[in-house]
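See below for the structure under consideration.
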Amino acid sequence: MTDVLTMTFLASNGAKKSLSLTGIDPAISPLRVRQAMNQIAAAGIISRAGVSYYVTAYSAKLVSTERTVITDLLAN
């Protein structure tokens with residue numbers, strides 16, 4: 001099972017910017033995610049061409065994916 005936390009922020013120009021992290025504990029609390037997003041936004045360290053990314057926390061989602069190998073072609 002793979003868990004990916006995708007956090008979406010608003011940039012200084014109003015565009016949406018996403019940041020995805022793998023290896024997240026699926027039991028992470030919404031409060032903890034909100035706190036982390038607020039810390040990222042407060043750091044203000046990522047920008048490009050005069051646009052500051054990750055300025056305002058917008059949304060977050062945790063996606064769990066289960067992968068099933070149907071066949072391994074190299075096992076022959």
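The analysis underlying the following values was restricted to heavy atoms, covering all of them including side chains, and did not include hydrogens, waters or symmetry mates.
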For the hydrophobic clusters of this structure (ILVMFWY residues joined by side-chain heavy atoms under 4.5 Å, transitively), does one cluster hold both Val63 and Met7?
no
Pairs where residues 25-49 contributes a residue and the test ring pair (Phe, Tyr, Trp, His ring centres under 6.0 Å) is met, not counting sequence neighbours:
none
Is there a side-chain contact between Val55 and Leu10 in this structure, where contact means two heavy atoms from C-beta onward sitting under 4.5 Å apart?
no
Identify, with sequence neighbours excluded, every residue that meets side-chain hydrogen bond (donor to acceptor under 3.5 Å, both in side chains) alongside Ser64.
Asp3
For Phe9, the ring-ring contact (aromatic ring centres under 6.0 Å, His included) test, sequence neighbours excluded, returns Tyr54
Applying side chain to side chain contact (heavy atoms under 4.5 Å, CB included), can you list everything that pairs with Thr2, at least two apart in sequence or on another chain?
Val4, Arg67
Applying ring pair (Phe, Tyr, Trp, His ring centres under 6.0 Å) as the test, list every pair that has at least one member in residues 13-33; sequence neighbours left out.
none
What donor-acceptor contacts under 3.5 angstrom involve side-chain atoms of residues 29-38, with partners at least two apart or in another chain?
from	atom 1	to	atom 2	distance (Å)
Ser29	OG	Arg32	N	3.0
Asn38	ND2	Arg34	O	3.3

Give me the other members of the hydrophobic cluster that Val69 sits in, counting Ile, Leu, Val, Met, Phe, Trp and Tyr linked by side-chain heavy atoms under 4.5 Å, directly or via other members.
none
Contacts under 3.5 angstrom, residues 12-27 side chains, donor-acceptor by atom type, not counting sequence neighbours:
from	atom 1	to	atom 2	distance (Å)
Ser12	OG	Ser52	N	3.0
Asn13	OD1	Ala15	N	3.0
Lys16	NZ	Tyr58	OH	3.3
Ser18	OG	Thr8	OG1	3.3
Ser20	OG	Thr6	OG1	3.2
Asp25	OD1	Ala27	N	3.0

Residues pairing under ring pair (Phe, Tyr, Trp, His ring centres under 6.0 Å) where one sits in residues 11-38, two or more places apart or in two chains, turn out to be none
